[in-house]
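No experiment lies behind these values; they were computed from the predicted model shown. Each chain gets a letter, A, B and so on, in the order the sequences are listed, and its residues count up from 1.
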Number of protein chains: 2
Amino acid sequence: MTELKYIAVRNFLKEQIQQGTFGVGDFLPSENELCRKFSITRTTARKALDELLKEGFIEKKHGKGSCVIERRKSLGLLTVKGFSEAVGKNVKTIFIQKPTLQKLNSSIITALKDEDKKSDYWFFERLRCVGETPVMIEKNWFSNISLPKFKDVSFIDNSFFKTLSQKYFIEIIGSSQELRAEFANKEVAKILQIEIHSPILHISVQFKTSVSNLTIYSELYCNTKKFPIGNNYYI
Amino acid sequence: MTELKYIAVRNFLKEQIQQGTFGVGDFLPSENELCRKFSITRTTARKALDELLKEGFIEKKHGKGSCVIERRKSLGLLTVKGFSEAVGKNVKTIFIQKPTLQKLNSSIITALKDEDKKSDYWFFERLRCVGETPVMIEKNWFSNISLPKFKDVSFIDNSFFKTLSQKYFIEIIGSSQELRAEFANKEVAKILQIEIHSPILHISVQFKTSVSNLTIYSELYCNTKKFPIGNNYYI
DNA sequence: AAATTTAACTTGTACGTACAAGCTGTTGGC
DNA sequence: GCCAACAGCTTGTACGTACAAGTTAAATTT
């Protein structure tokens, strides 16, 4: 199973960007240069660049070239920035449940897309603390179909998304969220070390990725009393 | 100036979708059919469909066709677009306080930027209801300096942002937010018609605008029990 | 009747070509 | 020196072709 050409070129360029060979503001090799370097046609070169475009790595300028841009990290709420950047410093992460392959949990079944209902899914659960204070419970799951090689990898910088990007070349390209203020139930209250029936922020997220049939589902339970959840968006 | 072919095809299909000729779940004409109908090549037909794909109108299924999907509204409530678009239709808006020029309210002073502390500010407060159910209290204020001509205008489509854009040519170019789950206090509980100490979602927003010294501050108090707050973001 | 093969569709990838249109530095002419 | 024209790059649009691969239903075999 040999890799598709445009995927290979995309991955090559993405690595170069992530390693800093091409920094923000730099121009990538032109389409014709890519053609020569990889022995491909311009159609294929353009397709590779289109991938980087829709993943938010570059912008194309007519008559000039493809320019590396600051990847938009502040997607929606808590998204790609990840917890550490959203809340600030001094964050500890504790695995409540390391990644395991499981059957469906009926409590989340309604949120799942149809194609994800058929397969097993990877699940992991973490507790995020600021200093010694537990602040957020994070449950994540995703179908086994699109990522069968996924293993209990050690996450790069404790970031699942960074790991996805750098080990699997999968990018988050969007998110859909629902926010609710709720009373903490017994389980959540215990883990977050708060009174039962304290108000907590419950966030349900679906992350759309650059792999069309991979959707990542997260359920977040946040104690916002000391540490409100932050979010920035700029065009 | 004649329209580009793939744009023309895209627009044709988009209109058909918006008018309901193709509903959610329907398949658009195949690429080859589009070629015949519009006298174009498959490259061009695919480009038109790619546009619809990245605008969120369709999804493509290998071997089957292009399927119309529920359109995702990019940038939901918490970002730029405003309440009506985020929650859907059937939204009523009641002014609790029409726009008035006021002195600073100390309760919000901490959130204000320094340059805004010196001036008077416009303030207005609204209650958003879905059907007959009050769902969100919205308090807005902004400095009088940048918008001295602001008056008690009737908002276009009940949208403050649309009014800003169309009457003053001011665009929202970013936002910074803080989210908290809190107990409803007496005042909020009364307006939202809920029990005191119910959990509510409190969102503090600063909107950055295309006018450099105009920042809009909002405090939102949401009853998320029936209507969770939604938010979508796609690159 | 049931299982398998086949044919006819669909989209996906990749090849190659041509010209339009935007950007930039060089080259002439004034 | 200044400005216009040009040449040589860039990306954008659009043409055409070929085959791979997924889907489905009809035809064939078992």
Legend entry - Under 3.5 Å side-chain donor-acceptor pair for B/E138 and B/S218: no
Given [options], which nucleotide is nearest the side-chain atoms of [X]?
{"X": "B/I40", "options": "D/dT11, D/dC15, C/dT11", "value": "D/dC15"}
{"X": "A/S66", "options": "D/dC15, C/dA14, D/dT11", "value": "D/dT11"}
{"X": "A/E31", "options": "C/dT11, D/dG12, C/dC23", "value": "D/dG12"}
{"X": "B/H62", "options": "D/dA20, D/dG12, C/dA14", "value": "D/dA20"}
{"X": "A/K5", "options": "D/dT11, C/dT10, C/dC15", "value": "C/dC15"}

Legend entry - Donor-acceptor under 3.5 Å (A/N11 side chain, A/A8 main chain): no
Inset, instruction - Could you tell me whether a side-chain N or O of A/T163 sits under 3.5 Å from a main-chain N or O of A/S159, the two making a donor and an acceptor? - result: yes
Tell me whether the side-chain N/O atoms of [X] come closer than 4.0 Å to OP1 or OP2 in [N].
{"X": "A/K47", "N": "C/dG12", "answer": "no"}
{"X": "B/S30", "N": "C/dT10", "answer": "yes"}
{"X": "A/K61", "N": "C/dC23", "answer": "no"}
{"X": "A/R46", "N": "D/dG12", "answer": "yes"}
{"X": "B/Y6", "N": "D/dT13", "answer": "yes"}
{"X": "B/T43", "N": "D/dC15", "answer": "no"}

Can you check the [X] [atom1] to [N] [atom2] distance for me, whole Å?
{"X": "A/N32", "N": "D/dG8", "atom1": "CG", "atom2": "P", "value": "15 Å"}
{"X": "B/L49", "N": "C/dT11", "atom1": "CG", "atom2": "C1'", "value": "10 Å"}
{"X": "B/F27", "N": "D/dT23", "atom1": "CZ", "atom2": "P", "value": "11 Å"}
{"X": "A/R42", "N": "D/dT11", "atom1": "CZ", "atom2": "C1'", "value": "6 Å"}
{"X": "B/L34", "N": "D/dC15", "atom1": "CG", "atom2": "C1'", "value": "17 Å"}
{"X": "A/K64", "N": "D/dG8", "atom1": "NZ", "atom2": "C1'", "value": "16 Å"}
{"X": "A/E3", "N": "C/dG12", "atom1": "CD", "atom2": "C1'", "value": "16 Å"}
{"X": "A/F38", "N": "C/dT13", "atom1": "CZ", "atom2": "P", "value": "18 Å"}

Inset, instruction - With side chain to side chain donor-acceptor pair (under 3.5 Å) as the test, would you mind laying out the steps for A/S165 and A/E171 before giving the verdict? - result: CA-CA 6 Å; A/S165 170; A/E171 308 300 328; 3.0 Å; yes
Inset, instruction - Mind checking A/T41 for me? I need base, sugar-phosphate or nothing, with any heavy atom below 4.0 Å counting as a touch. - result: base
Inset, instruction - Please report the closest heavy-atom contact between B/L201 and A/A181, naming both atoms and the distance. - result: N-CB, 3.5 Å
Inset, instruction - By nearest nucleotide on DNA chain C, pick out whichever of A/G63 and B/L28 is the more 5' one. - result: B/L28
Inset, instruction - Show your reasoning for whether salt bridge (Lys or Arg N to Asp or Glu O under 4.0 Å) applies to A/E219 and A/K139. - result: CA-CA 5 Å; A/E219 296 287 334; A/K139 301 182 180 193; over 6 Å; no
